[in-house]
Amino acid sequence: MTDSITLTGLRVKAHHGVYDFERENGQDFVIDVTVWLDLRKAAASDDVATTIHYGELANEVTEAARHNPVDLIETVAERIAAVVLLHQAAERVQVTVHKPQAPIDVPFTDVAVRIERSRE
């Protein structure tokens, strides 16, 4: 499938991280999601019920990232992918979780993990 919906730059403050200070203070995470689905029915019907509502998807993704702190952004990415794939229309998803304030000792712009998952 080549049709997709992309959400770029979703921002959420969360308390993920290996270090205690990350868990205590929290930090900003930035999330990009692309979900592949067939958009022909939505285009023909002009009915939001025949697609994935991207506003609702943005809320679901940020809620999945905000709660239940974990050590790794890899785990956060998996959690988000699972939430997206709960949508029946979703065939495949790519999730990138950026951690721009990661505790790295050298100057950097961003660190991120990207995963891609498909409906089984």
Side-chain angles (χ1 to χ4, degrees):
M1 179 53 52
T2 58
D3 301 344
S4 65
I5 295 171
T6 300
L7 300 170
T8 305
L10 298 173
R11 295 189 177 278
V12 62
K13 180 157 184 157
H15 295 263
H16 307 297
V18 173
Y19 301 109
D20 289 340
F21 67 87
E22 294 180 288
R23 294 286 184 106
E24 292 169 14
N25 301 329
Q27 60 190 292
D28 291 330
F29 294 84
V30 181
I31 303 160
D32 305 325
V33 173
T34 299
V35 56
W36 284 269
L37 66 166
D38 188 342
L39 293 174
R40 290 176 288 196
K41 188 173 182 181
S45 68
D46 198 33
D47 181 359
V48 70
T50 60
T51 186
I52 298 174
H53 187 298
Y54 53 78
E56 293 173 3
L57 183 63
N59 289 333
E60 294 165 359
V61 166
T62 55
E63 282 302 305
R66 182 174 288 119
H67 297 294
N68 301 321
V70 294
D71 289 345
L72 303 178
I73 58 176
E74 290 87 336
T75 306
V76 177
E78 282 288 345
R79 183 186 300 167
I80 292 167
V83 165
V84 174
L85 289 173
L86 288 174
H87 288 270
Q88 186 174 356
E91 296 176 10
R92 189 177 74 196
V93 62
Q94 182 181 80
V95 177
T96 305
V97 177
H98 303 265
K99 190 174 179 180
Q101 299 160 336
I104 297 175
D105 292 334
V106 297
F108 75 103
T109 302
D110 189 24
V111 63
V113 299
R114 177 176 293 146
I115 65 169
E116 191 168 311
R117 301 292 180 262
S118 298
R119 180 171 305 287
E120 295 183 20

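- Two residues are said to be in side-chain contact when any heavy atoms from C-beta on lie closer than 4.5 Å; V35 and H87 fail this criterion.
- Side-chain contact check for T96 and R114: at least one donor-acceptor pair (N or O, by modelled atom type) lies under 3.5 Å.
- Using a distance-only test at 3.5 Å, with no hydrogens or angles considered, no donor-acceptor pair links the side chain of E63 to the main chain of N59.
- Taking a 6.0 Å sphere around CZ of F108, one finds it holds more than 12 heavy atoms contributed by other residues, nucleotides or ligands.
- Heavy atoms only, all atoms of each residue included: P103 and E22 are closest at CD-OE2, 3.2 Å.
- The local environment of CG in D46 is sparse, with at most 12 non-hydrogen atoms from other residues, nucleotides or ligands closer than 6.0 Å.
- Considering every non-hydrogen atom in both N68 and H16, the closest pair reads O-CE1, 3.8 Å.
- Across every non-hydrogen atom of V84 and A90, the tightest pair is O-CB, 3.6 Å.
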Practice item. Please assess T6 against Q94 for the test side chain to side chain contact (heavy atoms under 4.5 Å, CB included), listing each intermediate value before the final yes or no. Key: CA-CA 9 Å; T6 300; Q94 182 181 80; over 6 Å; no

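- The neighbour count for R119 CZ, taken as heavy atoms of other residues, nucleotides or ligands under 6.0 Å away, is above 12.
- With V70 as reference, R79 is the one residue of E78, R79, H15 to meet the side-chain contact (heavy atoms from CB on, under 4.5 Å) rule.
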Practice item. Take L37 and L39, measure what side chain to side chain contact (heavy atoms under 4.5 Å, CB included) needs, and give me the verdict at the end. Key: CA-CA 6 Å; L37 66 166; L39 293 174; 3.7 Å; yes

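- H53 contributes a side-chain N or O that, together with a main-chain N or O of E56, makes up a donor-acceptor pair within less than 3.5 Å.
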